[in-house]
**Q** 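Pasting a structure here, questions to come.
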Amino acid sequence: MSTRSDSPSMNSSESALQSLAQSSSSSAHDIEPQVEKDQSAMNTYTKERRELLETLNSLHSTGVQNELDLPQIVVVGSQSVGKSSLIESMSGIKLPRDTGTCTRCPTECRLQGGPSWTCTVTLRFHVDTEDKPLPEVREVPFGPAVTDKDEVEKVLRRAQRAILRSTLDPSVFLNDEDLHTNEHPAQTFSQNCIIANVGEGGNEQDIALVENLAKSFIDRPNCIILLVISCETDFENQGAGRLVLRDSEMKKRTVGVLTKVDRIEHGSEQKWVDLLHGKENALINGWFCVKQPDPKQLRDNISWEDAKATEKAFFDRTSPWMQLQPRFRRRLGSPGLAEKLSGILSALVSQKLPDIQTEISKQLRFVNDELAELPEPNLTDPKAEVLRLFRDFDRKLAELVEGDQVTSNNATTTGLMYSINQVFARFRNAVFATTPHFLPWSSQQQIDEELKKDLMKTATQFDEEGGWTLDDPNIYHLERVMDLALKFDDDLFSTSRTRELPGNYPFLVKKQLIAETVVTWKTLATRCLDEIQEILDDHVKTVVAEHFSQYVLGGLRDTVTSVASEEIRKRFQSMLLQIDNLCNSENTPYTQNDHYFFAYKSKLLGVYKEVYRRSRNEQGIISSLQGFVPNMRPEEENQQKLYDNITAALTHLTALGYQGLTATDLTKLLPEDQNTPALEIMAEVRAYFQVAYKRFSDNVPKQIDTDFIRGTDRDVDFALMSMDLSHEQCAMWLQEDPEVVQKREDLCGRKKRLEAAKDKLGSVVRTSRVGSSA
């Protein structure tokens, strides 16, 4: 069966695409007796070439050319340059010829040696009527083997119609029954056919589509381009030549052939001889010349043998061809062209087979991975599948709340626990920002600015750095604390004073200061919970969307999303009550952490007293105590006595059992004044804040994590298992999206083609090894 795939014009309706030995939907096997080797270029194939080309043919029979760039020969030429005649001259059979329309589908020709001539025609379907790849390539034998060459053209016409009306049974075309039915109209164009030579009234959309298809073929690195140029028309006017030769990479893969050399205008022969010599538009693979039957010979049904003899006689007896050197005379005639093409194609196949094998394995792995991501089809037990989905989802949800996985396959997506910990950190900082800043001097007191900065730094050394000023409501100067403590003229004082001795102030004073500090904590905790609810809801919805992405049509994804959101909402409401309880418990001062509280109070009281005295310039003895360095007696005589007294005091206190004391600790023994109670209130309230802040900033996140985040995981699991899990409901949920069904069919079809190709190559490798061993 001759190979021919014409296309509509690529340049002013001139260019056409023909696929030689590949890209088919109908195939024929042409066997020519090996009488004389010079009668057919195909008979000169070596055994190795035949095996390689048979391997290539077997790969094409699997339809894997949709996935792989298989080596192939594509014929490119302008309209009426003799492409069909060229292919006929090499294959020995006739193609259908009609005015305006020639071969309307790709035709694959397989030539091989044999004891007698026979031809079988096979239809290959790899796309549907909408040009979508079929799940599995179908090869359908088209009638019995043909033994009469003159009958092949009729069979090919019928085969073309069978391809173009693929919805009909191919058997109706064998006896022309299809001509008597108007059902299932023929396609004008599809990936299973290539329109050849569209003339008047052609479909412009089809023309553009075929042009793009032609370009897509010749752009492939493994495509050998057979460029057909007619000597009847100037080279510059043939668009196919410009399309190919302007690309340096394409030129490396191109074999040029000159047709209609018997119609060269007298006196113009030299420019075509120069082309053959490579002086113009040189090609690595060179140029060839062929002489095809003229129209009269075609009408007279000239035989293939007579056409070959006529061609040989023409080049042997006609100038300038008969005067060419032997190395160029070998490029005259279709046998030399066929020999060149077979050599190039077999060499390319030999070179590319390892790469093809690797690519097949690579694509198979990809297809298998894609299929593994899809749900199993045609489930017999939908309830079991739903339960499996719920179990897997619960596991993913547990991993999510434990912080063992991110929410999405996207690497930039932040994990749930990371996001939540960010909220907890902001909450802890916000609580600490409510620290009362006690400044143990009067706000009306005139103090040098530099000294004031130093005093503030010392007094608030355990507070938050920055973020507050002297206008901050959390600033407490000495008089503010004393006013609250004394309240001689305030009713609150008269009701709060109990049986305290002079200099002692009621507990309600400290409670009032503490209450002013923690008043915003409930707002901060609620805001923290709000943020975490939003984050948790978003992350859970993302997990649901990913896990149940294949179950949108039946509503399973939306059902699980609603259930999860509702359980989160209910947990949120319950958590609000717990936050209220935690905040209410902080309204009343309480701690059992005595050691930490008293240690912090003692430390702060020393700091406040020091700052208070420095603000009043009562720092002589304080400076001496702070500047005391053991075992470094000063040289000044007036300082030596003080040094000796401090040393003696520390020695006596140590002897009395007070271990580890420093000179700075002696500041606590300095006499008190009327503001000492205020300093003690400051130290006690600030120390309690430190205890309460640490407790609250830990308890709120812990409660949210335990009861809200982890509790949601348990609630969602229980709610899902409590739904209607009847067979009917589960079956409805598992309805698949048509896109998923189509994707599975496409992947399965692709897998079959790749596996078939892999098996073909595997058998070739095994056969080669056996042959080598033999």
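All values derive from a computational prediction rather than experimental measurement.
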**Q** Output all residues satisfying side-chain contact (heavy atoms from CB on, under 4.5 Å) with P170, sequence neighbours left out; order by chain, then residue number.
**A**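 Only L123, V140, F142 meet the side-chain contact (heavy atoms from CB on, under 4.5 Å) criterion with P170.
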
**Q** May I have all residue pairs that pass ring-ring contact (aromatic ring centres under 6.0 Å, His included) and include part of residues 71-91, sequence neighbours excluded?
**A** none

**Q** Taking all heavy atoms of C223 and all of V74, pick out the closest pair and write down the distance.
**A**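 Here C223 and V74 meet closest at SG-CG2, 3.5 Å.
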
**Q** Can you find a pair of side-chain heavy atoms, one from L226 and one from K340, that are under 4.5 Å apart?
**A** no

**Q** List for me each residue that meets side-chain contact (heavy atoms from CB on, under 4.5 Å) alongside E265, sequence neighbours excluded, and say none if there are none.
**A**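 Applying side-chain contact (heavy atoms from CB on, under 4.5 Å) to E265 gives S268.
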
**Q** Has D69 got a side-chain atom pairing as donor or acceptor with R220's backbone, closer than 3.5 angstrom?
**A** no

**Q** Report the residues that fulfil ring pair (Phe, Tyr, Trp, His ring centres under 6.0 Å) with F235, sequence neighbours left out, ordered by chain and then residue number.
**A**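 Ring pair (Phe, Tyr, Trp, His ring centres under 6.0 Å) list for F235, sorted by chain: empty.
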
**Q** Taking side-chain contact (heavy atoms from CB on, under 4.5 Å) as the definition, give me every residue that meets it alongside Q363, ordered by chain and number, with sequence neighbours left out.
**A** E67, L68, E359, R750, L754

**Q** Once salt bridge (Lys or Arg N to Asp or Glu O under 4.0 Å) is applied, what residue pairs with a partner in residues 280-298 remain, sequence neighbours excluded?
**A**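 Non-adjacent pairs meeting salt bridge (Lys or Arg N to Asp or Glu O under 4.0 Å): D262-K291, K296-D300.
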
**Q** Test your reading of the model: is there a side-chain donor-acceptor pair from E269 to the backbone of G267, 3.5 Å cut-off?
**A** yes

**Q** Name the orientation class of the two ring planes belonging to F328 and H277 (parallel below 30°, tilted from 30 to 60°, perpendicular beyond 60°).
**A**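 Ring orientation, 0 to 90° scale: tilted.
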
**Q** Check each of R253, K252, R246 against E249 using the salt bridge (charged side-chain N to carboxylate O under 4.0 Å, His left out) test, and report the only one that passes.
**A** K252

